Amino acid sequence: MEQESNKKSLDFIRAIIAEDIANNKNEGRVATRFPPEPNGYLHIGHAKSICLNFGVAEEFGGTCNLRFDDTNPTKEDTEYVESIMEDVKWLGYDWGERLYYASDYFQNLYDFAVMLIKGEKAYVDSLNADEIREYRGTLSEPGRESPFRERSAKESLDLFERMKEGEFEEGAHVLRAKIDMSSGNLNMRDPIMYRILKQSHHRTGDTWSIYPMYDFAHGQSDSLEEITHSLCTLEFADPRPLYDWFTEQLGIYAQRQIEFARLNLSYTVLSKRKLMQLVQDGHVSSWDDPRMPTVSGLRRRGYTPVAIRSFCEKIGVTKQDSVIDVALLEHALKEDLNKSALRVMGVLNPLKVVITNYPGDSSEELDAVNNPEDESAGKRKVPFSKELYIERDDFMEEPPKKFYRLSLGREVRLRYAYFITCTDVIKNEDGEVTELHCTYDPQTRGGNSPDGRKVKATIHWVSAKHSIKREVRLYDRLFTVAEPEGDKEGKDFTEFLNPQSLTVLKDCYLEPSLADATPGVNYQFERLGYFTVDTISSKNTKPVFNRTVTLRDAWAKVKGK
RNA sequence: UGGGCCGUCGUCUAAUGGUAGGACCCUGGCCUUUGACGCCAGUUGUAGAGGUUCGAAUCCUCUCGGCCCAGCCA
């Protein structure tokens with residue numbers, strides 16, 4: 001088995017790392033990092049990166065740092081730092097002592113900048129933002145050199161120090177690298193290293209009035225932490241030569257950056273801006289709305305860390321732009337939940353059933369299996385009595401050909417209970433079915449008939465007087481189309497929002513064992529799907545249940561045809 | 001059309017010059033006290049054209065198509 005798993009092909013990044021180790025590069029050391037900017041909540045795309053970076057470290061006996069890329073104080077906040085740490089931990093990864101912040105390196109970075117100025121590799125530019133853009137040229141035309149480009153090192157140094165002292169207003173000057181204004185790679189056209197920002201930083205407060213750009217911080221941060229393999233998404237391939245230029249000019253440890261494709265998921269959006277818009281425009285309740293693809297949203301929905309990690313493993317790592325079918329995510333979820341979730345019975349759309357030949361006010365308890373996939377989960381008792389609720393969908397007055405469930409005159413099994421036969425259909429003045437009268441066969445207690453009689457269907461139920469009434473929220477995909485972004489006719493992604501993404505059911509009847517249900521436990525409501533207690537809406541009130549994902553429903557497919 | 005990256009079943013992803021395989025989805029069937037799960041079977045693919053080679057998804061050339069870059073964001 002071990003040999004087999006060794007033979008299993010590695011993705012291109014793991015192949016590179018394996019080769020580096022074989023060549024004793026970095027003395028065989030492997031060090032990665034997960035470097036989020038604390039300006040928002042983590043989503044499933046970040047989970048891919050987390051699983052990759054922490055996963056690689058685990059597999060190759062290396063380390064993985066958690067580093068906050070907090071170089072822009074205008075967007076960052078400790079609230080995000082905390083949620084990010086919570087999410088990474090929840091996914092099951094541990095950075096141990098290896099918690100870093102780019103802001104820890106502000107002094108190092110400043111010193112690096114001074115070195116480059118002294119070496120005439122950087123200069124203070126006093127053009128304004130519009131002028132800099134104009135001088136940068138275009139994709140097909142080279143840029144022009146700034147009139148301040150040949151400013152002396154002494155003058156630049158003086159200005160840079162005064163920028164640091166807060167002597168100038170935002171935008172008055174920037175520090176630029178002196179590289180090549182005619183490069184085909186726009187990132188090399190004298191990129192900005194530092195800008196003046198008179199903003200309080202969530203960690204350094206008002207210590208600094210200049211802040212390094214990401215491009216001048218990330219590579220050096222990797223270098224200072226001696227990251228061997230700096231894994232990032234494809235859009236960072238363009239500035240890679242710049243990072244390499246900085247480390248070379250500075251003569252510091254050079255990490256190797258490797259880019260991979262970011263995750264796209266069907267029927268959702270994954271850009272921070274768009275997720276923000278969904279929250280701000282009230283299309284969802286919050287960042288952790290159970291319909292959101294954020295880690296916190298998925299967690300609240302009932303996703304498990306195991307499922308998310310398994311998903312990340314299944315999708316692989318390549319450089320190809322791709323859209324992963326959300327069905328694969330759901331598959332990974334169901335695979336985990338099928339093994340681990342406790343089975344219970346709950347009726348979402350109740351229809352009353354009276355067992356006419358069952359003795360009036362008596363009741364009894366029947367044995368039910370908690371998890372057929374896991375014997376150690378044991379059994380429980382479920383109460384049975386004369387009046388029950390069954391699912392409205394489980395009865396049809398005029399059943400079509402392949403409908404196996406209850407109808408007038410037909411016998412079905414109540415799971416773990418008895419065979420019942422429908423004898424009467426009670427309707428109101430509008431002709432709606434309000435109640436069913438059935439008879440039960442006492443010989444079939446537990447669900448089997450001594451005469452070997454078979455029924456075609458087994459349906460779930462709850463005892464009316466023993467059941468608990470609870471609110472259940474049904475979630476569906478947020479968008480009606482697979483790729484809501486980048487519509488060919490230029491429609492905004494919000495035009496594809498699914499108006500049915502949330503259905504609230506107030507009057508659901510659940511078996512009494514669910515009275516103690518606590519958040520964080522996954523249940524399978526038999527024949528319906530997986531559900532979990534909502535963490536937010538269940539505080540100081542009766543628990544509310546979220547439907548995590550439905551079960552496969554063969555009847556729904558037949559019916560649909 | 002400057003630079004960078006990428007094209008393998010519907011969707012992901014293997015095959016690193018030697019039988020194009022797996023997963024998801026889908027379709028049948030079996031099993032079933034969940035129309036679940038499981039099991040079995042099946043459909044479908046190397047963007048195109050040349051070239052090199054005994055042999056090409058893989059190497060070369062060209063064509064076509066897609067993604068990213070002109071923030072004092074990351």
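We use all heavy atoms of the structure for the numbers below, so side chains are in, but hydrogens, waters and symmetry mates are not. Model, not experiment: these values are computed from the prediction. Numbered from 1 within each chain, the chains take letters A, B, ... in sequence-line order.
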Is the shortest side-chain N to carboxylate O distance from [X] to [Y] below 4.0 Å?
X: A:Lys381; Y: A:Asp367; value: yes
X: A:Glu485; Y: A:Lys274; value: yes
X: A:Arg203; Y: A:Glu76; value: no
X: A:Glu225; Y: A:Arg67; value: yes

Any side-chain to backbone donor/acceptor pair from [X] onto [Y]? Under 3.5 Å, distance only.
X: A:Arg410; Y: A:Arg405; answer: yes
X: A:Arg33; Y: A:Leu231; answer: yes
X: A:Glu37; Y: A:Lys75; answer: no

For [N], take OP1 and OP2 only and decide whether either is under 4.0 Å from a side-chain N or O of [X].
X: A:Arg195; N: B:A74; value: yes
X: A:Thr138; N: B:A70; value: no
X: A:Arg405; N: B:G35; value: no
X: A:Arg133; N: B:G71; value: yes
X: A:Ser9; N: B:U13; value: no
X: A:Arg136; N: B:G71; value: yes
X: A:Gln320; N: B:C6; value: no
X: A:Lys272; N: B:C73; value: no
X: A:Arg527; N: B:G35; value: yes
X: A:His331; N: B:C24; value: yes

Check every strand shown and say whether [X] touches a base, only sugar-phosphate, or nothing at a heavy-atom separation below 4.0 Å.
X: A:Ile132; answer: base
X: A:Ile192; answer: base
X: A:Lys456; answer: nothing
X: A:Phe311; answer: nothing
X: A:Asn39; answer: nothing
X: A:Tyr194; answer: nothing
X: A:Thr71; answer: sugar-phosphate
X: A:Leu263; answer: nothing
X: A:Arg343; answer: base
X: A:Pro372; answer: base
X: A:Leu139; answer: base
X: A:Gln524; answer: base
X: A:Met188; answer: nothing
X: A:Thr74; answer: nothing

Whether A:Arg144 engages the ring of A:Tyr135 as a cation-pi pair (distance to the six-membered ring centre under 6.0 angstrom, angle to the ring normal within 45°) should be assessed.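 Here A:Arg144 passes the 6.0 Å and 45° test against A:Tyr135.
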Among B:U13, B:A23, B:A36, which nucleotide sits nearest the side chain of A:Ser322?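 My answer, after comparing the listed nucleotides, is B:U13.
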Candidate nucleotides B:G35, B:C67, B:G4, ranked by approach to the side chain of A:Asp321 - the nearest: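 Of B:G35, B:C67, B:G4, B:C67 is nearest to the side chain of A:Asp321.
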For atom [atom1] of [X] and atom [atom2] of [N], their distance in whole Å:
X: A:Leu234; N: B:C5; atom1: CG; atom2: P; result: 10 Å
X: A:Glu170; N: B:G71; atom1: CD; atom2: P; result: 18 Å
X: A:Asp11; N: B:A23; atom1: CG; atom2: C1'; result: 16 Å
X: A:Leu186; N: B:C72; atom1: CG; atom2: P; result: 11 Å
X: A:Tyr404; N: B:C31; atom1: OH; atom2: C1'; result: 14 Å
X: A:Leu197; N: B:A74; atom1: CG; atom2: C1'; result: 14 Å
X: A:Phe68; N: B:C73; atom1: CZ; atom2: P; result: 21 Å
X: A:Asp238; N: B:G3; atom1: CG; atom2: P; result: 12 Å

In whole angstrom, give me the gap between the [atom1] atoms of [N] and [M].
N: B:U8; M: B:A56; atom1: C1'; value: 14 Å
N: B:C25; M: B:C62; atom1: P; value: 42 Å
N: B:C12; M: B:G18; atom1: C1'; value: 26 Å
N: B:C30; M: B:G48; atom1: P; value: 40 Å
N: B:A41; M: B:A47; atom1: P; value: 29 Å
N: B:G21; M: B:C31; atom1: P; value: 30 Å
N: B:U16; M: B:G10; atom1: P; value: 23 Å
N: B:G28; M: B:U13; atom1: C1'; value: 26 Å

5' precedence on RNA chain B between A:Asn448 and A:His218 (nearest-nucleotide basis):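 Upstream on the strand: A:Asn448.
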In a check of ring pair (Phe, Tyr, Trp, His ring centres under 6.0 Å) between A:Tyr194 and each of A:Tyr214, A:Tyr211, A:Phe160, which one passes?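 The residue from A:Tyr214, A:Tyr211, A:Phe160 that satisfies ring pair (Phe, Tyr, Trp, His ring centres under 6.0 Å) with A:Tyr194 turns out to be A:Phe160.
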Checking A:Asn53 now: which residues fulfil side-chain hydrogen bond (donor to acceptor under 3.5 Å, both in side chains) with it, not counting sequence neighbours?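 With sequence neighbours excluded, A:Asn53 shows a side-chain hydrogen bond (donor to acceptor under 3.5 Å, both in side chains) to A:Ser49, given in chain and number order.
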So which of A:Arg415, A:Arg380, A:Arg343 actually passes salt bridge (charged side-chain N to carboxylate O under 4.0 Å, His left out) with A:Glu511?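 Single salt bridge (charged side-chain N to carboxylate O under 4.0 Å, His left out) partner of A:Glu511 among A:Arg415, A:Arg380, A:Arg343: A:Arg380.
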Output field dot_bracket for RNA chain B (Watson-Crick or G-U, both distances under 3.5 Å, | for other-strand pairs) contains .((((((..((((....[..)))).(((((.......)))))....(((((..]....))))))))))).....
